[in-house]
Number of protein chains: 2
Amino acid sequence: MTVTIRDVARAAGVSITTVSRALNGGDDVGEETRQRVLEVAKKLNYRPSHVARSLVLQKSRNIGLLVSDFNRGGHHFMYDVLVGVHDKLAEYGYDVTLVSTNTARQQLISYVDFCRERSLEGVVVMGIRLDDPYVEEVVESTLPSVVIDLPLLSRHCGYVMTDNVNGVRYAIRHLVNTGRQHIGFINGYSHAAVSIERLRGFEAAMRAYGMAYSRDSILHADFTIEGGAKALADLLSRHPETDAVFFASDLMAIGGIQHCKACGIRIPDDLAIIGFDNIELGRFVTPSLTTVAQPRYEMGSDAAEMLVRMLQEDEQPSGTLLPPELIVRESA
Amino acid sequence: MTVTIRDVARAAGVSITTVSRALNGGDDVGEETRQRVLEVAKKLNYRPSHVARSLVLQKSRNIGLLVSDFNRGGHHFMYDVLVGVHDKLAEYGYDVTLVSTNTARQQLISYVDFCRERSLEGVVVMGIRLDDPYVEEVVESTLPSVVIDLPLLSRHCGYVMTDNVNGVRYAIRHLVNTGRQHIGFINGYSHAAVSIERLRGFEAAMRAYGMAYSRDSILHADFTIEGGAKALADLLSRHPETDAVFFASDLMAIGGIQHCKACGIRIPDDLAIIGFDNIELGRFVTPSLTTVAQPRYEMGSDAAEMLVRMLQEDEQPSGTLLPPELIVRESA
DNA sequence: ATCGTAACCGAAAACGTTTCGGATCGCAAG
DNA sequence: CTTGCGATCCGAAACGTTTTCGGTTACGAT
């Protein structure tokens, strides 16, 4: 049925050793026999079996893309990253296998074992949370990995994330430059790594620009629209003087916009709103959302690039910060 | 380094044959030795090598997810489908490898060969267009496949798609029921399979509800926002009496809304607008978008389900139509 | 004629499994 | 005492590659 290297060898009148060498560019084969082998291989439409090759080489050229929680509306962020990872890996000739943690086997089998079974050479991890039980395993395991949006660094684990601190700074700077006086901050939940970074950024920026702020004008919400709306209501009741709010995600910011609409608060006149993420939605809400953009595709492809360098050149993993960009639209 | 079946055999004092049988539930092994083997395997943390197993069994338990054009903003549709496919396949113990057609090797290697190299047992295809060179290969190849959103049926190729005809009918019915008299239709480009179906649905529905319509109140656009806006401008200049437009995609419908805003056309008073897809965006534009929803996750999981049945029970592929749902919001 | 040396090629081991066809043993049936 | 048989177990082949090591030429130099 399927044509193997043995068939090619027979048809070309040489040994399978020679066929292998001819196809893989070995130098130990005469030019005219090489041509003959290539011809025959093409005629028979021979395709070397990746699994046989993997077995003998002990390398699968296959890397895993671990997504912690697939279905939680990761659309906005995950898809672009995923495409970036895939494109770059394909470029280097690696295959990518999808792995999600919330399968039934999540508890049954450890992360590393899962990868070992499949001979995955490395993993890029995305959408994982600080409190995920896999985190420890990822960072301690000897399996090369690159994590997205989580600053984990070890001998075999690097990361790439957006420069959240500077992203937040751009946002605050814009608010300050446009004359805002009382800036609030609605953050995501605290066990998200990005929340920590963004809080750090907020505090640093406020200090840097000489803005006073009270501890309780920093709230936590859950990255959802509803959560953002409720948090803004909270904030405004506590601090009616607030004239600008920075949200740690676009989704929450959109919730904020909805709340303002419901209460007759004018944006940006009464209240300036800035989000984070630059999801497509932001362009279409009214008023359109000013936000901090992350280079999602690049995050994916950079993570992939770093992983293959770890694999092929045995490079040390590192932490990469990608530059964010402030996108000014109507809301601030 | 890695512990193999041979190590387990040695440690348990049995042959590798017995270990294999003990672990795989063969009946040719005594109960007490089986227990011993299981113990030893657990103690050594033995994981059977999928690639070795694949080689000998000639089955990889690996299926491909072919995405024709990754980066073309497939977010809205593709991501949910992808998750559906993955979840269902994981449930059945299959791995899924991402495959996209626009890699560099697109031309160099045929679709089937690509899968053969990797020993993929089957493929689910999504986002492919009628004029894609792979289409023919997909339907003719003996490799089991299920296509999403393209009615391809053959001995080894099934499909699942939304019942576009009825979806459109629901939309038209709603327009008719709310008293609209002159309904236009802005379709996607004609080499998309769904466009054909939706056109069929439109004509059938208009006839069914006794609505007259002229041939040139049916336009083609390119599924983008800008395209939708331009097409609507076209349509309205040709047929100023139009009081309702059905768009073959939400993105185009949103373009229509933007055009109306720019021209002072009131929605839905002057013009009713209905889209297709139920992308998240639709909830947030103003006015919010009435649309026809597709069960995206189910499309993915149903496709996967059908594929494993073809693989495991040797079932014939079939064509599945999933029920759409009209979601009434403000725009119509 | 002998030797050394390239240049070319092949046999066989290895990778980690599954499985087919025995082999061994104990014991009941003849 | 043989025979047969069920219950357990094992050796070895097979899956499709890559690669090490060695063998066979041919040929120019000694």
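Naming convention: chains lettered A, B, ... in sequence-line order (proteins, then strands); numbering from 1 in each chain. These values consider heavy atoms only, across backbone and side chains, with no hydrogens, waters or symmetry-generated copies.
Nucleotides of DNA chain C that come within less than 4.0 Å of any heavy atom of chain B span, from the 5' end to the 3' end, dG16(C) to dC20(C).
Side-chain contact of S20(A) with T17(A): a donor-acceptor pair under 3.5 Å is absent, judged by distance alone.
Looking at residues 42-59 of chain A, you'll see L55(A), V56(A), Q58(A) sit with a heavy atom under 4.0 Å from some atom of DNA chain C.
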Run N62(B) and S119(B) through side chain to side chain donor-acceptor pair (under 3.5 Å) and show every step you take.
CA-CA 8 Å; N62(B) 200 326; S119(B) 312; over 6 Å; no
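Annotation: side chain to side chain donor-acceptor pair (under 3.5 Å) contacts involving residues 29-42 of chain A, sequence neighbours excluded, comprise E31(A)-Q35(A). Listed by first and then second residue, the side chain to side chain donor-acceptor pair (under 3.5 Å) pairs that reach into residues 136-151 of chain A are S110(A)-E137(A), sequence neighbours excluded.
With rounding to the nearest 0.5 angstrom, the OG1 atom of T162(A) is 10.0 Å from the CD atom of E197(A). Between the CG atom in L65(A) and the CD1 atom in I148(A) there is a gap of 7.5 Å [rounded to 0.5 Å].
The main-chain N or O of I63(A) is never found under 3.5 Å from a side-chain atom of E121(A) such that the two would form a donor-acceptor pair. With D7(A) contributing its side chain and T4(A) its backbone, the two residues share a donor-acceptor pair below 3.5 Å. Here the side chain of R61(A) pairs a donor or acceptor atom with the backbone of Y92(A) at under 3.5 angstrom. S301(B) places no side-chain N or O within 3.5 Å of a backbone atom of K88(B) that could act as its donor or acceptor partner.
Bending across the helix from dA1(C)-dT30(D) to dG30(C)-dC1(D), expressed as the angle between its end axes from five pairs apiece, amounts to 80° (10° rounding).
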Polar atoms only, N or O, under 3.5 Å: list the protein pairs with nucleotides 5-10 of chain D and their distances.
from, atom 1, to, atom 2, distance (Å)
dC9(D), OP2, G30(B), N, 2.5
dC9(D), OP2, T33(B), OG1, 2.7
dC9(D), N4, D28(B), OD2, 2.4
dC10(D), OP2, S15(B), N, 2.9
dC10(D), OP2, S15(B), OG, 3.3
dC10(D), OP2, T18(B), OG1, 2.6
dC10(D), N4, R21(B), NH2, 2.2

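Checking each of L23(B), V37(B), T2(B), V40(B) against Y46(B) for a side-chain contact (heavy atoms from CB on, under 4.5 Å) leaves exactly one that passes, namely L23(B).
The aromatic rings of Y134(B) and Y111(B) sit tilted, their planes meeting at an angle between 30° and 60°.
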